[in-house]
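For ligands, and for the atoms within them, numbers begin at 1 and follow the listed sequence. Reckoned from all heavy atoms, side chains included, excluding hydrogens, waters and symmetry mates.
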Amino acid sequence: MQPQQFHPDQWFTAGHGPRYEQLYRHLSKAIAAGDLAQATQLPPERDLAELAQVSRVTVRKAVAQLVADGVLDQRRGAGTFVRPARSRTEPYLSKLLSFTEYMLHRGKTPTSSVINQGIFYPTPDEQLALGLSAADRVARIERLRAADGIAMAVEWSSLPQDILPDPASVGASLYDLLRANGTAPARAVQRIRSVNLPATEAALLNLPEGSAVLRIDRTGFLASGRPIEFTRGLYRSDIYDFVAELRLEANL
Ligand code: 16G
């Protein structure tokens, strides 16, 4: 990666989110594409801030995210290096990721468009999943999710009204909003199966009706154990690559 590739012209677009996030995305893509090859050393924070014309705090935040993603390795006294691709998958194994994060990890640009949203009385399924009574309310948001402009998933999310009082306030990422409110799920349980795509969703995903897709139902819980998210989604089967680690139980 040439020094000019850190120039804001290369990665910054006004109105496309905070600088650290855009810089993070740019670097993440450069690593995924191999422009920043493995074992490459990143310029020191001060130089990077100068090249990218941002504060050192911005650089630090972007780099910290890449370290958390497992794509960069910070060695005390030595610098920051691009990790070998092989050791990169490890952190995703059982990490609770949002669609946005998952796509950013893969060097893709996620987008989201709202199909429907509102506040409703909960269905029996929602009551069960979210521990609500029939008199409570749920916020629902149905979204079409895309990566690099290609439709990837349709998601129907339901959250208790006190967790999401205004579904219209969800921006690009539901989890970003929940995180900002301190109510992002700390744990989730997912049920995954293969289904055939109904006509309406096939049209949204630009796939033939009946194509095999993944249906994933996720219930997300706060650290306290309270269920706060019930999302059902239909996902193109080529986007998710699930890895399950299995261990032999010692004393069966
Ligand atoms: C993922 C989750 C979904 C969650 C969404 C939030 C799966 C199978 N599902 O798609 O439950 O609501 O991320 O994404 O991974 P966001 O923060 O980008 O809106």
Just to be sure I read this right, does ligand 1 sit under 4.0 Å from the backbone of [X], its side chain, both, or neither, counting only heavy atoms?
X	result
Thr100	both
Tyr235	side chain
Ile216	side chain

Handout entry: Tyr235 six-ring centre to Arg215 NZ/CZ under 6.0 Å and within 45° of normal
Key =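 So Arg215 doesn't make the cation-pi contact.
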
Exercise for the section: Between Arg179, Glu101, Glu229, flag the one that comes closest to atom 11 (O) of ligand 1 by a heavy atom. Expected result: Glu229

Practice task
Any side chain to side chain donor-acceptor pair (under 3.5 Å) involving residues 163-177? Give me the pairs, sequence neighbours left out, ordered by first then second residue.
Solution key: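 Output for this query lists Tyr175-Arg218, Tyr175-Glu229, Asp176-Arg179.
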
Which pairs of donor and acceptor atoms, one on a side chain in residues 195-214, lie under 3.5 Å apart (sequence neighbours left out)?
from   : atom 1 : to     : atom 2 : distance (Å)
Asn196 : ND2    : Gly210 : O      : 2.8
Ser211 : OG     : Pro208 : O      : 2.5

List ligand 1 atoms under 4.0 Å from [X], heavy atoms only on the residue side.
X	value
Leu174	12 (O), 16 (P), 17 (O), 19 (O)
Tyr175	4 (C), 6 (C), 11 (O), 12 (O), 17 (O)
Thr231	3 (C), 11 (O), 12 (O)
Arg145	14 (O), 16 (P), 18 (O), 19 (O)
Arg143	19 (O)

Practice task
May I ask you to decide whether Arg25 forms a salt bridge with Glu21, counting only side-chain N to carboxylate O separations under 4.0 Å?
Solution key: yes

Problem - Electrostatic pair Arg145-Glu155, nearest N-O below 4.0 angstrom - result: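 Glu155 and Arg145: salt-bridged.
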
Handout entry: Verdict with reasoning, Asp162 to Arg137, per salt bridge (charged side-chain N to carboxylate O under 4.0 Å, His left out)
Key = CA-CA 9 Å; Asp162 65 304; Arg137 305 280 199 287; over 6 Å; no

Handout entry: Any Thr231 side-chain heavy atom under 4.5 Å of Asp217 side chain
Key =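 Result no, sub-4.5 Å side-chain heavy-atom pair not found.
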
